[in-house]
Amino acid sequence: MSASNIEELSNFQLDALREIGNIGAGNAATALATLLSDRVNMSVPILNIIDIKDVAHILGGPENPVVGILMTMSRDINGIIMLVFEEKFLNVVIRTLLNKDIDGLNNLSELDRSVFMEVGNIMASNYLNALSQMTGLEIQITPPDLCADMAGAIMSVPASIFGMTGDKVLIIQEDFIGEERITSHLIMIPNLKSLNTILKKLGA
Amino acid sequence: MGDLLTVGIADMKIGVGDDILITYALGSCIGTCLYDSTKKIIGLSHILLADSKVCSNDNNIYKFANTAIKELVRQMVIHGANTSRLVAKIAGGANMFKNSTLKIGENNTRAVINELKELGIEIFASDIGEDYGRTMECHASDGKVLIKSINKENLIL
């Protein structure tokens with residue numbers, strides 16, 4: 001059955017989305033582990049459907065500084081995919097790859113920004129590869145775009161896209177656990193037509 | 001002492017006396033603050049999108065520029081404000097991701113400006129656009145609006 005907004009998804013459909021989230025995030029974690037030359041475990045992904053007005057609260061409060069990496073999906077699936085990293089995560093990445101610390105999120109160098117965009121790109125690509133293999137759908141993504149700012153301001157982008165069709169946002173939250181527990185959030189937002197395409201391909 | 005009232009996304013509040021209205025981390029969203037200085041009544045709306053007519057779900061009138069601002073004016077008048085005395089201060093409408101083709105901030109800005117023009121409300125001050133988030137704090141006692149950003153000095157509108 002086609003859903004006309006996120007709130008109408010059945011439990012079975014949510015389970016199907018959770019399962020692709022799980023497999024996709026597994027791929028993304030493997031990619032991250034390769035990149036960091038570290039064992040990276042991951043938590044069971046949490047599929048959150050939350051009120052638009054509460055989106056910023058899951059990321060440590062609306063004014064918490066975070067980095068968002070945004071890519072646009074096209075071909076068989078249209079929408080956006082975004083990774084949100086907190087400062088601790090970014091520091092682990094930079095320390096591992098460049099052997100230095102970052103000097104706060106408002107002082108990122110061009111190199112720091114490139115590294116984060118590439119990490120976002122690799123994780124999103126691995127995530128979508130899993131989805132693509134399971135569904136046979138072809139998905140292309142644009143080069144990544146980065147924004148370091150307040151969590152609430154960054155989340156206004158997915159919130160406004162979800163806001164066109166409903167009052168809820170669908171977020172897959174994933175903890176990647178290496179030497180330290182580092183949390184990242186992967187937010188995949190297919191448009192409603194694409195969401196229904198995915199569910200149909202999964203037989204849900 | 002007045003209250004500190006938080007305005008969420010797709011939400012609005014009205015304050016009087018020494019109340020302070022605050023909305024956190026406006027990105028592409030727009031905060032519209034209306035003030036009647038004679039009655040010291042202040043209102044703040046936080047819209048997410050420009051136009052309810054192009055969205056399949058339009059049941060929250062606080063979410064859209066074309067429905068929220070009219071409603072804010074209506075509620076402020078019920079509280080004793082006079083429409084002809086209202087002045088507006090607006091903030092937000094940023095384009096958070098530079099290369100993004102989603103022009104949500106720009107669309108929102110255009111819609112809010114049009115709406116205020118239609119209602120005959122003057123825009124007294126604004127801090128709009130660019131690529132960063134803003135927290136907006138509105139004081140009922142004097143109509144002062146404080147804008148806070150991560151990378152910038154505080155700004156008073």
Side-chain angles (χ1 to χ4, degrees), chain A residues 4-8 50-57 59-72 74 79-80 82 104-108 113 117 142-169 189 191-193, chain B residues 6-12 22-31 46-65 68 91-108 111 130-137 148-152:
Chain A
S4 63
N5 71 49
I6 299 286
E7 283 117 287
E8 282 175 14
I50 51 176
D51 279 348
I52 279 176
K53 62 180 168 49
D54 296 329
V55 284
H57 297 284
L59 297 168
E63 291 185 307
N64 188 31
V66 297
V67 163
I69 312 286
L70 178 79
M71 287 146 280
T72 306
S74 57
I80 64 166
M82 188 160 103
L105 291 190
N106 45 5
N107 281 317
L108 297 178
R113 296 169 70 92
M117 283 194 273
T142 56
D145 201 352
L146 178 146
C147 177
D149 209 308
M150 297 188 250
I154 287 175
M155 290 307 292
S156 71
V157 176
S160 55
I161 295 171
F162 276 115
M164 293 177 194
T165 50
D167 294 314
K168 307 269 184 192
V169 178
I189 311 179
N191 68 23
L192 213 54
K193 189 168 164 245
Chain B
T6 302
V7 179
I9 300 173
D11 187 15
M12 69 170 60
I22 188 163
T23 198
Y24 294 102
L26 292 158
S28 52
C29 301
I30 298 208
H46 180 144
I47 60 109
L48 180 68
L49 289 162
D51 189 355
S52 61
K53 294 190 285 292
V54 299
C55 297
S56 65
N57 176 320
D58 59 359
N59 54 23
N60 180 356
I61 57 171
Y62 301 147
K63 192 156 77 177
F64 307 97
N95 195 15
M96 298 305 295
F97 291 90
K98 279 204 183 70
N99 304 327
S100 169
T101 51
L102 310 156
K103 300 290 178 204
I104 298 160
E106 284 169 38
N107 291 340
N108 285 347
E130 298 195 55
D131 60 355
Y132 56 90
R134 298 160 170 99
T135 285
M136 188 180 189
E137 196 183 281
K148 291 185 276 189
S149 309
I150 283 189
N151 272 333
K152 303 251 186 295

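Throughout, protein chains are lettered first and strands after them, A, B, ... in sequence-line order, and every chain is numbered starting at 1.
For A/Ser160, the side-chain hydrogen bond (donor to acceptor under 3.5 Å, both in side chains) test picks out no residue, with sequence neighbours left out. Looking at residues two or more places apart in sequence or on another chain, you find a side-chain hydrogen bond (donor to acceptor under 3.5 Å, both in side chains) between B/Asp131 and B/Lys98.
Residues A/Ile154 and A/Asp149 approach most closely at CD1-N, 3.7 Å, considering heavy atoms.
Only the side chain of B/Asn60 has a heavy atom closer than 4.5 Å to any heavy atom of chain A. Residue B/Leu26 touches chain A through its backbone alone, counting heavy-atom pairs closer than 4.5 Å. Of the atoms belonging to A/Leu146, it is backbone heavy atoms, and not side-chain ones, that fall under 4.5 Å from chain B.
Judged by distance alone, with hydrogens and angles left aside, the side-chain atoms of B/Thr135 form a donor-acceptor pair with the main-chain N or O of B/Ala25 at under 3.5 Å.
Contact count versus chain A (heavy atoms, under 4.5 Å) is highest, among B/Ile9, B/Leu48, B/Asn151, B/Asp11, for B/Leu48.
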